[in-house]
Amino acid sequence: MIRMSLVLLFLLTALPVLAVDYEIDTKGAHAFIEFRIKHLGYSWLLGRFNRFEGDFSYDAKHPERNRVKVVIDVASLDSNHAVRDKHLRSARFFDVKQYPEAQFVSTGWQDLGNGKAKLTGELTLRGITKPVTIDVSDVGHGPDPWGGYRRGFEGTTTLKLSDWKMKEAKILGPAAEEIIVYLSIEGIRK
Amino acid sequence: MTLILHWLLALGIALMLGLGLWMVRLDYYHPLYQALPALHRDLGLLLAPLLLFRLLWRGFNARPELAGARWEKGLARFVQAMLLVVPILMVVSGYLVSTADGRPVSVLGLFEVPAPRLEIERLEDKAGAVHAWLGYLLLGLIGLHVAGALKHHFRDRDTTLTAMLGMKGDIR
């Protein structure tokens, strides 16, 4: 009986490591979605989305199986200036009344070694779905002091405002055609 | 005094409505994109004490008697009261939009009116929507008010309008 248990235990530990599911720690605010866009071409304007949630699945042995899904409350955008946020939420830009949510669902993960990867997925914004590629780097992982296990990544991608048909985006001028999105994501193992 | 107050406020309110409707249509690169909203905030906050004074003035002075049918009197009283209440609410909602992120609003660069500590989420959107709807309501009220004045002059052939213009006749 004991032998059988030991065999079972051996078998269990020898099983290939399966994908591990993580919930993105937005409750503790250890995850950030920031954007930056040029103001007149002279400086960077920074903002972020304060509310979103999501999860990811990480498989160290088969990274191509990694999955990510994030849902963003677009109205939670915050550029530290209330009247600007009001403009950005309006139909001229994000049109949050019509499209309150944005969503990213991954379609692929290409491991580049050295903790780098290319994450591809579909971003739905203003009701328009387009493929995007996010350059991802591993930041760290391990047990946390409170009994959990965490894993974090950072990622960057560049989006073109015209791809999401922000009607009035052109009024921001040629310097503001692209927006750089920076993601810092920490997941807690489920 | 009542006449001066009336026309001062009429001018101020007309300017504010015109400015407001114009400035929200400006392109980001328009030279007046920054100047018009600044002027709108300055004028709005300068109108505030004038409106409050007009409210007190109304409280402490006898109002003229009205002519016409009961419904006409009722409508006139309602529109006249709303013509004071709505601009006051517009100053309040406009001030809340301008200060929604906790920054004070400057008046002519001379002094600053501090922001209230309300901590209401997306206050700029809520107060902004109220401000816009009050603006359209005010346009309608002014329309009714002007129609009433013209009716006095052309249909009733009384001196209400001329008296308000300071020409002849008493405000009855």
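Residue numbers start from 1 in every chain, and the chains themselves are labelled A, B, ... in the order their sequence lines are given, proteins ahead of strands.
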Option passing side-chain contact (heavy atoms from CB on, under 4.5 Å) with A/V83 (candidates B/T99, B/D101, B/V97):
B/V97
Once you round to the nearest 0.5 Å, how far does CG of B/D125 lie from NZ of A/K97?
8.0 Å
Within 6.0 angstrom of B/K151 NZ, more than 12 heavy atoms from elsewhere
yes
If you count the non-hydrogen atoms of other residues, nucleotides and ligands that lie under 6.0 Å from CG in B/L56, is the total more than 12?
yes
Heavy-atom count check: over 12 atoms from other residues, nucleotides or ligands less than 6.0 Å from A/Y149 OH?
yes
Other residues, nucleotides, ligands: >12 heavy atoms within 6.0 Å of B/F78 CZ:
no
Within a 6.0 Å radius of atom CD on A/E53, are there more than 12 heavy atoms belonging to other residues, nucleotides or ligands?
no
What's the shortest heavy-atom distance between B/R25 and A/R92, and which atoms?
CA-NH2, 4.5 Å
Can you find a pair of side-chain heavy atoms, one from A/V96 and one from B/R122, that are under 4.5 Å apart?
yes
Under 4.5 Å from any heavy atom of chain B, what part of A/N80 do you find: side chain, backbone, both or neither?
both
Measure the NE2-CD distance between A/H81 and B/E124 for me, rounded to the nearest 0.5 Å.
10.0 Å
